[in-house]
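As the structure is a prediction and not an experimental result, all values here were calculated from the model. Note: hydrogens, waters and symmetry copies are ignored here, and every other heavy atom, side chains too, is used. Every number for a ligand or one of its atoms is a count from 1 in the order of the listing.
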Amino acid sequence: MGLRGLEAFDLFYGEMYKERWEDLKASLSAPKKHVAILNPHSGFEFPSEGSILNGLSFKHQIQDIFPHPEKTTLGYMNYYLMDAASILAVEALDPKPGERVVDLCAAPGGKSFLCALKMQNQGLLISNDRSASRRARIHRIFDDFIPKTLQTQHKVTSFDATKWCLYEKNLYDKVLLDAPCSSERHVLDDAKELSLWAPGRTKALAVSQFAMLASALDIIKVGGTVVYSTCALSKLENDDIIDKLYKKRGGRFEMVTKTFPIGEKTEHGWQVLPDKEGWGPFYLTIIKKLK
Ligand SMILES: C[S@@+](CC[C@H](N)C(=O)[O-])C[C@H]1O[C@@H](n2cnc3c(N)ncnc32)[C@H](O)[C@@H]1O
């Protein structure tokens with residue numbers, strides 16, 4: 001049996017991130033800061049002073065710790081707390097009113113909520129997730145944040161993301177694939193998970209992530225875009241997925257280049273790592289379907 005646990009984890013990510021790894025590992029265990037995204041349906045306003053991240057299209061404020069979100073007198077939650085890096089996935093997707101958009105792995109629903117804000121209940125927004133208990137959280141977030149009358153163009157579905165393409169093809173304008181991933185921050189936080197960690201874990205995830213991406217590309221129209229994102233550090237689940245796409249589907253897609261207020265360029269996409277600004281880890285890449 002191969003090496004497992006912290007030693008294997010250190011060896012694997014040390015080789016991947018070289019001299020950056022020790023700082024990166026320490027930053028994964030540091031307390032997280034948050035962005036609060038204002039819920040425009042709540043009537044709440046942030047205090048006028050407060051730090052923000054220039055370049056985000058959502059009204060927001062940044063603090064290390066926020067009071068727990070609460071309902072206003074209008075009956076809706078005042079703000080949604082996220083990692084700033086996660087917001088970039090929706091900025092990259094840029095869903096517009098009138099478009100047909102799928103959030104393929106949507107639960108608990110933070111990014112779907114942001115999509116809904118941008119789409120203003122015009123077009124179609126599908127939030128999909130295979131897990132029933134996690135789908136319940138999507139419904140809860142939408143009901144807590146958005147009036148029912150403004151949810152008529154929102155649907156929650158339960159497809160297996162790897163198989164959706166067997167039932168529908170060339171139908172949607174945009175797909176967000178925020179894929180299940182290694183989530184090394186959580187592994188480091190959980191002694192039992194860490195003791196069981198082995199490189200096979202990220203290799204197996206990369207196989208299902210590629211199947212989901214292939215399915216996502218099949219269900220969008222020619223000219224449509226897929227944003228593929230993970231909160232993984234492992235390159236196997238990030239740029240390497242796109243290398244594989246070039247091998248299997250070269251000529252049928254092109255990468256879209258975009259820069260963001262935080263993070264750094266990678267070979268095929270964009271990555272936010274917590275050793276620099278405290279946000280992330282988060283990786284995203286934008287793929288346009290050509291045929
Ligand atoms: C990284 S989380 C998504 C987080 C979400 N996008 C958000 O911003 O709140 C990945 C999700 O994928 C779902 N999932 C895992 N395998 C799936 C599959 N084969 N098809 C559909 N959903 C799947 C999990 O239940 C989990 O909720």
Side-chain angles (χ1 to χ4, degrees), residues 32 34-37 39 56 58 60 69 77 79-93 95 101-119 125-146 154-168 172 174-187 189-190 193 201-202 204-219 226-234 237-238 241 271-272 279-285:
K32 274 185 78 105
H34 287 101
V35 173
I37 303 283
N39 181 12
L56 291 191
F58 300 95
H60 68 279
M77 302 296 265
Y79 47 72
Y80 191 91
L81 297 177
M82 294 182 98
D83 184 306
S86 301
I87 300 165
L88 304 188
V90 181
E91 300 287 12
L93 192 73
V101 176
V102 180
D103 186 356
L104 207 49
C105 294
K111 296 182 190 75
S112 272
F113 166 59
L114 297 189
C115 289
L117 290 186
K118 280 198 176 265
M119 293 177 69
L125 172 61
I126 301 178
S127 303
N128 180 70
D129 204 283
R130 203 176 49 173
S131 154
S133 59
R134 289 175 67 87
R135 281 198 304 280
R137 293 176 68 185
I138 305 177
H139 286 293
R140 209 177 316 135
I141 286 176
F142 271 72
D143 290 344
D144 280 349
F145 282 80
I146 302 179
H154 179 238
K155 289 190 169 47
V156 177
T157 59
S158 58
F159 289 108
D160 176 345
T162 61
K163 301 209 170 82
W164 192 322
C165 60
L166 300 178
Y167 310 106
E168 291 188 329
Y172 300 96
K174 290 175 179 168
V175 172
L176 174 59
L177 170 52
D178 188 34
C181 69
S182 272
S183 192
E184 292 86 350
R185 185 189 279 279
H186 296 118
V187 175
D189 221 28
D190 183 328
E193 273 222 41
R201 184 190 156 122
T202 173
L205 279 162
V207 171
S208 63
Q209 287 157 346
F210 185 80
M212 287 182 193
L213 179 56
S215 178
L217 278 162
D218 284 344
I219 70 171
V226 172
V227 169
Y228 171 78
S229 63
T230 74
C231 61
L233 283 177
S234 171
E237 300 173 44
N238 298 334
I241 295 284
Q271 191 168 31
V272 183
W279 304 112
F282 199 73
Y283 170 87
L284 72 89
T285 189

**Item:** Nearest heavy-atom neighbours spanning E184 and L233
**Value:** OE1-N, 2.7 Å

**Prompt:** Any idea which atoms of ligand 1 are less than 4.0 Å away from a heavy-atom of F159?
**Reply:** 20 (N), 21 (C)

**Residue M212 vicinity, atoms of ligand 1 by number, heavy atom under 4.0 Å** = 16 (N), 17 (C), 18 (C), 19 (N)

**Prompt:** Has ligand 1 got any nitrogen or oxygen that is less than 3.5 angstrom from a nitrogen or oxygen of A179?
**Reply:** no

**Request:** Provide the number and element of each atom of ligand 1 under 4.0 Å from a heavy atom of R134.
**Result:** 2 (S), 25 (O), 26 (C), 27 (O)

**Asked** Considering distance alone, does some N or O of K111 sit under 3.5 Å from an N or O of ligand 1?
**Response** yes

**Prompt:** Going by distance alone, is a donor N or O of one side chain under 3.5 Å from an acceptor N or O of the other, for T230 and Q209?
**Reply:** no

**Intermediate values then yes/no, side chain to side chain contact (heavy atoms under 4.5 Å, CB included), D178 and F282** = CA-CA 10 Å; D178 188 34; F282 199 73; 3.8 Å; yes

**Prompt:** Between the candidates P108, A89, C105, which shows the shortest non-hydrogen contact distance to atom 12 (O) of ligand 1?
**Reply:** C105

**Request:** Run the contact test for M82 against ligand 1 with a 4.0 Å cut-off on heavy atoms, strictly below, and give the result.
**Result:** no

**Fill in**
Atoms of ligand 1 under 4.0 Å from any heavy atom of D160, numbered from 1 in the order shown, are 18 (C), 19 (N), 20 (N)

**Item:** Among L205, D129, T230, closest by any non-hydrogen atom to atom 24 (C) of ligand 1
**Value:** D129

**Asked** If you count the atoms of ligand 1 from 1 in the order shown, which ones are under 4.0 Å from a heavy atom of S131?
**Response** 25 (O)

